[in-house]
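The structure appears below as structure tokens.
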There are 2 protein chains.
Amino acid sequence: MQLNQRKQQVLEAVVEDHIISAEPVSSRTIARKYQLGVSPATIRNEMADLEEMGLIEQPHTSSGRIPSQQGYRYYVDRLMRRSELTEDEEGQIHTVFARQAHELALTVQHTIKLVTRLTDYLVFFSGPQLERSALQQVQLIALAPQRALMVIISETGWVESKLVDFSFPVTGEDLEQVAGVLNEHFRGLTFSQITRTVLSSIYQELSRQRLLVDYVLEVMESLNTSEHSDGLYLGGTRNVLKQPEYQDIQQVRKLLELVESEQTLREILSDANHEGITVRIGRENRQGQVQDCGVITAVYMLGGNIVGAMGLLGPVRMNYARASTVVECITQSLSAFLSSSGNCF
Amino acid sequence: MQLNQRKQQVLEAVVEDHIISAEPVSSRTIARKYQLGVSPATIRNEMADLEEMGLIEQPHTSSGRIPSQQGYRYYVDRLMRRSELTEDEEGQIHTVFARQAHELALTVQHTIKLVTRLTDYLVFFSGPQLERSALQQVQLIALAPQRALMVIISETGWVESKLVDFSFPVTGEDLEQVAGVLNEHFRGLTFSQITRTVLSSIYQELSRQRLLVDYVLEVMESLNTSEHSDGLYLGGTRNVLKQPEYQDIQQVRKLLELVESEQTLREILSDANHEGITVRIGRENRQGQVQDCGVITAVYMLGGNIVGAMGLLGPVRMNYARASTVVECITQSLSAFLSSSGNCF
DNA sequence: TATTAGCACTCTACACGGCAGAGTGCTAAT
DNA sequence: ATTAGCACTCTGCCGTGTAGAGTGCTAATA
């Protein structure tokens with residue numbers, strides 16, 4: 001689809017004005033505010049053409065125009081100019097990541113608060129997913145004769161603890177020995193690399209504790225399933241209510257359903273599996289519940305591997321220019337933070 | 001305030017009908033549905049008296065009556081009959097707590113889902129507060145020359161992990177020795193009992209690792225402050241939207257603010273510090289943000305100590321009879337669960 | 001040929017008024 | 001002490017009218 005320059009200017013004006021005002025945009029408004037040097041009548045003609053192409057639409061006869069979802073797409077792909085963050089805003093982002101050596105879970109929570117201030121959309125994060133990150137260490141702590149606590153630490157600084165109940169008594173020595181062998185063999189491997197087949201190699205070494213090893217391996221495998229990857233962090237729900245599209249209680253209910261079930265948000269984040277920013281507008285989303293929303297996602301990395309993702313969700317009429325800048329800046333800072341010397345795991 | 005029997009019946013009818021219908025209750029409705037054996041006119045006379053006493057009020061001239069906050073209070077104190085749960089509902093509760101030997105955090109999350117199904121209100125829980133529960137074990141796991149992971153396990157089955165950064169290198173042996181001494185001295189003490197003064201007694205024993213001990217103690221103290229007690233679990237936000245009082249977007253915004261900031265909910269739970277159920281109606285709440293809500297709280301116990309609390313929040317017009325039954329049943333089951341043999345820490 | 005002024009037309013949002021229905025308060029009768 | 005009856009009031013709803021915003025079309029203009 002090729003547009004002459006003036007049509008592009010008109011489309012851009014319609015999109016940007018509607019993003020700000022949430023109202024249909026009239027030809028007069030564009031002529032006055034965007035100084036294209038032509039009269040409203042000319043703009044009306046251009047608008048009629050744009051409407052025919054499916055880039056803008058009229059909510060009802062004789063109203064102004066609003067962008068269609070394809071209109072937003074054209075805008076995002078070809079017209080949008082990245083918006084710059086102010087020095088102050090960049091400063092705030094750097095401050096969050098300046099704190100060396102903190103638990104990642106805390107950092108993620110601070111980041112969410114920050115993004116909540118920087119934009120008016122719903123922010124959500126997946127914590128570093130274990131299956132994608134490498135094992136740093138496993139510890140087994142005896143709690144009772146038939147019970148132990150398994151602590152798993154990933155190289156991304158993620159800590160998971162899991163209670164294990166045995167059907168037979170185990171000694172502290174057994175636990176120590178098993179943990180020792182596990183660490184020796186698996187340190188540095190990603191969790192998806194630690195499969196049953198690899199694991200079988202340690203059976204010989206631990207033939208005496210075979211039953212115990214079985215229990216432990218079961219727990220490690222259960223961590224590997226995405227079902228367990230519990231770390232979904234989110235914030236900014238009440239921000240979204242500022243948007244006029246959420247005046248209707250029905251919309252709000254849909255949004256809260258999204259937030260409470262978390263399932264869809266997880267899905268969105270796991271769809272994000274390549275570097276760079278992804279923008280999905282309305283029906284471009286696979287998930288039915290967000291097909292009247294705009295969604296921006298990006299991943300963050302450690303040592304060349306994707307370890308987690310971030311999402312920003314708002315109405316279709318969201319400020320894509322600003323939102324994508326924020327997402328990009330945050331994920332890049334987070335990746336840099338993870339690779340920094342502070343995280344010397 | 002003493003009411004004759006018929007006034008009590010009328011008040012009860014007004015409260016219970018309004019709880020169901022959310023509409024002002026007319027004299028005719030009461031005469032028809034609650035069979036007091038008198039005509040609407042008589043009921044109107046009684047209502048005029050009840051209004052004069054401040055127990056019910058008229059939203060506008062010539063409308064039916066709704067209970068005032070004092071009216072609800074009178075109802076809760078003297079008229080309300082505990083509602084029974086069905087066998088099925090009791091069964092659901094027992095099922096959640098039947099699973100032996102699971103992490104408490106998981107159990108709490110299942111409980112929230114359950115209560116969300118049993119009532120239409122906002123449910124929230126504080127996890128067992130460390131300062132109120134006893135230490136089971138501390139472990140220090142070396143991660144890097146100047147960094148360790150401190151894992152703290154309480155007798156309630158709560159696991160906290162905390163990263164510690166040292167300004168000097170420490171050896172695994174040092175860590176092991178310190179953990180050993182800490183466990184020896186403090187196992188079984190509650191966290192509030194582990195104060196600096198008690199701690200000083202171990203300095204002699206660990207004179208060589210004095211600096212290291214200082215670091216560790218600092219972390220343990222930071223766990224003690226309520227600011228850290230991070231475990232607030234909640235659910236059911238979208239349930240509350242079913243209530244007609246939340247048709248107004250303004251109300252919804254206030255509710256979400258409550259949910260997102262969490263501060264007020266924490267406060268409400270820490271106000272609950274005695275056994276039994278507390279019902280606070282509207283302005284009886286200390287917290288301004290919930291003065292148009294009804295709040296029911298109760299604590300749960302382990303070994304005679306209060307270790308956490310649960311809250312249920314809805315509009316002033318909430319079903320106190322049912323809600324308080326649910327709260328009571330859940331907290332009792334949770335207390336029993338914690339004391340059960342399953343938790344043999 | 002591209003642009004624009006002008007005008008008729010359409011649609012929305014809001015205010016107004018009338019009306020039915022629900023409910024009360026009061027009075028007088030029982 | 002209770003109740004029937006009646007006048008009164010308030011809400012919610014529906015239909016109407018109107019102002020304002022915005023378009024589409026046509027004819028004039030550069």
Side-chain angles (χ1 to χ4, degrees), chain A residues 3-11 13-18 20-68 71 244-245 247-249, chain B residues 3-11 13-18 20-68 71 244-245 247-249:
Chain A
L3 301 183
N4 66 38
Q5 202 195 342
R6 195 167 64 197
K7 281 197 175 52
Q8 291 197 346
Q9 288 177 318
V10 171
L11 177 56
V14 170
V15 172
E16 294 190 349
D17 206 81
H18 184 252
I20 293 168
S21 69
E23 297 287 321
V25 185
S26 76
S27 54
R28 188 167 160 274
T29 309
I30 294 181
R32 214 180 22 188
K33 282 181 33 188
Y34 293 82
Q35 276 135 332
L36 307 193
V38 292
S39 78
T42 308
I43 294 180
R44 282 205 284 282
N45 288 328
E46 298 287 24
M47 282 168 130
D49 291 347
L50 287 170
E51 182 164 9
E52 210 165 307
M53 296 184 223
L55 294 171
I56 60 180
E57 46 199 30
Q58 236 173 345
H60 58 85
T61 338
S62 87
S63 81
R65 303 303 208 291
I66 60 173
S68 69
E245 3 307 81
Q247 289 306 26
D248 177 23
I249 214 84
Chain B
L3 301 182
N4 65 39
Q5 202 195 340
R6 196 168 61 199
K7 281 197 174 53
Q8 291 198 346
Q9 288 177 317
V10 171
L11 178 56
V14 170
V15 172
E16 294 189 349
D17 206 82
H18 185 252
I20 294 168
S21 69
E23 297 288 321
V25 184
S26 78
S27 55
R28 185 166 162 277
T29 307
I30 293 181
R32 214 181 22 187
K33 280 179 39 184
Y34 293 83
Q35 277 135 330
L36 306 194
V38 291
S39 79
T42 309
I43 294 178
R44 282 205 284 283
N45 289 328
E46 298 288 23
M47 282 170 130
D49 292 348
L50 287 170
E51 182 164 11
E52 211 166 308
M53 296 184 223
L55 293 170
I56 59 180
E57 48 199 29
Q58 235 173 347
H60 58 85
T61 337
S62 88
S63 82
R65 303 303 208 290
I66 59 173
S68 69
E245 351 326 69
Q247 289 306 25
D248 177 24
I249 213 84

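Just so it is clear: chains get the letters A, B, ... in the order the sequence lines come, proteins before strands, and each one is counted from 1.
In terms of modelled atom types and a separation under 3.5 Å, the side chain of Ser27(A) and the main chain of Ala41(A) share no donor-acceptor contact. Not one N or O on the side chain of Thr42(A) forms a donor-acceptor pair closer than 3.5 Å with the backbone of Val38(A).
Comparing dT23(D), dT24(C), dT3(D) by their nearest atom to the side chain of Met47(B) picks out dT24(C). For Val38(B), whose side chain is taken as the heavy atoms from C-beta onward, the closest listed nucleotide among dC25(D), dT3(D), dT24(C) is dT3(D). Distances from the side chain of Thr61(A) to the nucleotides dT9(D), dT23(D), dT10(C) place dT10(C) closest. For Glu51(B), the listed nucleotide lying nearest its side chain is dG25(C); candidates were dG24(D), dG25(C), dG22(D). The listed nucleotides are dT24(C), dT4(C), dC11(C); the one nearest the side chain of His60(A) is dC11(C).
A donor N or O paired with an acceptor N or O is not found under 3.5 Å between the base of dT23(D) and the side-chain atoms of Ser62(A). Side-chain to base pairing of Arg28(A) with dG22(D): no donor and acceptor N or O lie closer than 3.5 Å to each other.
Distance Arg32(A) CZ to dA21(D) P: 10 Å, rounded to the nearest Å. Taking atom CD of Glu23(A) as the reference point, atom P of dC11(C) lies 19 Å away to the nearest angstrom. Note: CD (Glu46(B)) to P (dT3(D)) measures 11 Å, nearest angstrom. Ile56(A) places its CD1 atom 14 Å from the C1' atom of dG24(D), with the value rounded to the nearest Å. The CG-C1' distance, from Leu36(A) to dT3(C), rounds to 14 Å in whole Å. Atom P of nucleotide dT24(C) and atom CG of Asn45(B) are separated by 11 Å, given to the nearest angstrom. Summarising the geometry, the separation between CG on Asp49(A) and C1' on dT23(D) is reported as 15 Å, rounded to the nearest angstrom. Spacing between atom CD1 of Ile43(A) and atom C1' of dT4(C) amounts to 12 Å, rounded to whole angstrom units.
Within the model, atoms CD of Glu46(A) and CD1 of Ile30(A) stand 10.5 Å from one another, a figure rounded to the nearest 0.5 Å.
Between Glu57(A) and Ser68(A), the closest heavy-atom pair is OE1-CB, 3.6 Å.
At least one side-chain nitrogen or oxygen of Thr42(A) sits closer than 4.0 Å to the OP1 or OP2 atom of dT4(C). Proximity of Arg65(A) to the phosphate of dA21(D): no side-chain N or O atom is located under 4.0 Å from OP1 or OP2. At dT24(C), one or more side-chain N or O atoms of Ser27(B) fall inside 4.0 Å of OP1 or OP2 (strictly under the cut-off).
Nearest-nucleotide positions on DNA chain C place Thr29(B) closer to the 5' end than the other of Ala41(B) and Thr29(B).
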Go through the steps to decide whether Arg65(B) and Val25(B) satisfy the test side-chain contact (heavy atoms from CB on, under 4.5 Å), and finish with yes or no.
-> CA-CA 5 Å; Arg65(B) 303 303 208 290; Val25(B) 184; 5.7 Å; no

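Base pairing analysis places dT3(D) opposite dA28(C); the two distances defining the Watson-Crick or G-U wobble pair are each below 3.5 Å.
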